[in-house]
Amino acid sequence: MVEMMQESEMCEKLRTLMDEERYEHSLGVRDSAVMLAKRYGADVAKARIAGLLHDCAKGLVREEMIGKALEVGIELGPEEFRVEALLHGPVGAVMARQVFGIQDPEILSAIECHTTGKRNMSLLDKIIYLADYIEPNRDFPEVEELRRVAMEDLDKAVLLAVRRTIKYVLDTDRFLHPRTVEAWNDMLKRFKLQKLPG
């Protein structure tokens with residue numbers, strides 16, 4: 001079993017796995033995750049590590065990701081979902097365990113689902129999913145609104161982020177991952193139940 005690295009060691013290793021822009025994004029997600037963890041009472045240390053490492057597999061090419069996924073028995077699903085954008089989450093969780101020594105299942109889950117989302121997302125899953133969207137280096141038309149909502153209502157902000165993802169996938173004629181559909185339906189159901197009076 002690989003021993004868990006100190007954060008400074010993680011940062012040094014990440015610099016060898018990704019370009020400077022991706023590294024700065026990872027630091028931004030780390031800091032946003034810490035902010036959200038403090039706001040919503042999550043484990044700040046876990047949020048910090050999950051945010052920092054969430055994209056640790058992003059620098060791998062598709063064949064490397066597929067190889068690593070097959071090595072540990074990850075179900076890849078149909079060919080449509082064997083793309084870097086969808087594989088780097090699950091493979092990132094594998095790398096977090098194998099390379100960085102992360103054994104905590106909550107951290108690994110948050111890294112694994114940060115792109116697609118999933119049904120029954122934990123508090124840490126939601127925080128990393130959202131932190132990836134709102135970190136300071138992100139710049140898209142709705143980001144300020146999403147940052148504002150993120151500080152008011154975590155579930156509502158995650159729901160808005162999942163909706164934006166689905167809209168982007170549809171607008172660009174890409175395949176919509178089943179886990180994203182599950183995340184949407186699950187978050188919408190929870191959100192509506194929370195808002196019902198009495």
Checking Ile49 against Met10 for the side chain to side chain contact (heavy atoms under 4.5 Å, CB included) test, could you report, in this order, the C-alpha distance in whole Å, the side-chain angles of both residues, the deciding distance, and whether it holds? CA-CA 9 Å; Ile49 293 170; Met10 291 179 188; 4.1 Å; yes
What distance separates Arg30 CZ from Arg48 CZ, expressed to the nearest 0.5 Å? 4.5 Å
I would like to know whether Arg147 and Glu144 meet salt bridge (charged side-chain N to carboxylate O under 4.0 Å, His left out); could you show each step before the answer? CA-CA 5 Å; Arg147 287 176 180 139; Glu144 287 305 328; 2.7 Å; yes
Same cluster or not: are Leu188 and Val169 linked, directly or through other Ile, Leu, Val, Met, Phe, Trp or Tyr residues, by side-chain heavy atoms under 4.5 angstrom apart? yes
Side-chain donor-acceptor pair under 3.5 Å between Ser26 and Asp55, yes or no? no
Evaluate the salt bridge (charged side-chain N to carboxylate O under 4.0 Å, His left out) criterion for residues Asp132 and Arg138: first the C-alpha distance (whole Å), next the side-chain angles of each, then the deciding distance (0.1 Å), finally the verdict. CA-CA 8 Å; Asp132 190 27; Arg138 291 289 197 197; 3.1 Å; yes
Mind checking whether Glu112 and Lys118 have side chains closer than 4.5 Å, heavy atoms only? yes
Using a 4.5 Å cut-off on heavy atoms from C-beta on, say whether the side chain of Arg62 contacts that of Met65. no
Taking side chain as C-beta onward, heavy atoms only, is Leu76 less than 4.5 Å from Leu87? yes
Ile66 CD1 to Ile74 CD1 distance, which is reported to the nearest 0.5 Å: 11.5 Å
From CZ (Arg179) to CG (Leu86), nearest 0.5 Å: 10.5 Å
Ile134/Met35 under side chain to side chain contact (heavy atoms under 4.5 Å, CB included): CA gap, chis, key distance, verdict: CA-CA 11 Å; Ile134 66 168; Met35 176 188 68; 4.3 Å; yes
Going by the angle between their ring planes, with limits at 30° and 60°, are His114 and His54 parallel, tilted or perpendicular? perpendicular
So CG of Leu52 and CD of Glu7: to nearest 0.5 Å the spacing works out to 5.5 Å
I need the Ser32 OG to Ile127 CD1 distance, nearest 0.5 Å. 11.0 Å
Checking Asp171 side chain against Tyr168 main chain: does a donor-acceptor pair fall under 3.5 Å? no
Stepwise, does the side chain to side chain contact (heavy atoms under 4.5 Å, CB included) test hold for Ile166 with Arg163? CA-CA 5 Å; Ile166 291 173; Arg163 181 166 69 185; 5.8 Å; no
Distance (rounded to the nearest 0.5 Å) between Met151 CE and Arg39 CZ: 5.5 Å
Salt bridge Arg148-Glu145, side-chain N to carboxylate O under 4.0 Å: yes
Can you check whether Ser8's main-chain N or O pairs, donor with acceptor, with Gln6's side chain at less than 3.5 Å? no
In the structure I gave you, are the side-chain heavy atoms of Leu60 and Met95 within less than 4.5 Å of one another anywhere? yes
Do Lys156 and Phe191 come within less than 4.5 Å of each other through their side chains, counting heavy atoms only? yes
Within a reach of under 6.0 Å around CZ of Arg119, are more than 12 heavy atoms found that belong to other residues, nucleotides or ligands? no
Got more than 12 heavy atoms from elsewhere within 6.0 Å of CD, Glu75? no
Answer yes or no: is there a donor N or O on one side and an acceptor on the other, between the side chain of Thr180 and the main chain of Thr116, under 3.5 Å? yes
Glu21 atom CD, neighbour heavy-atom count above 12 within 6.0 Å: no
Could you tell me whether the side chain of Tyr40 and the main chain of Asp153 form a donor-acceptor pair under 3.5 Å? yes
A side-chain contact here means heavy atoms from C-beta on lying under 4.5 Å apart; do Arg164 and Lys167 qualify? no
Apply the test salt bridge (charged side-chain N to carboxylate O under 4.0 Å, His left out) to residues Lys46 and Asp104: give CA-CA distance (whole Å), side-chain angles for both, the deciding distance (0.1 Å), then the verdict. CA-CA 8 Å; Lys46 290 183 182 183; Asp104 186 293; 3.0 Å; yes
Output, in order, the C-alpha distance, side-chain angles, deciding distance and verdict of side chain to side chain contact (heavy atoms under 4.5 Å, CB included) for Trp184 and Thr165. CA-CA 10 Å; Trp184 168 257; Thr165 295; over 6 Å; no
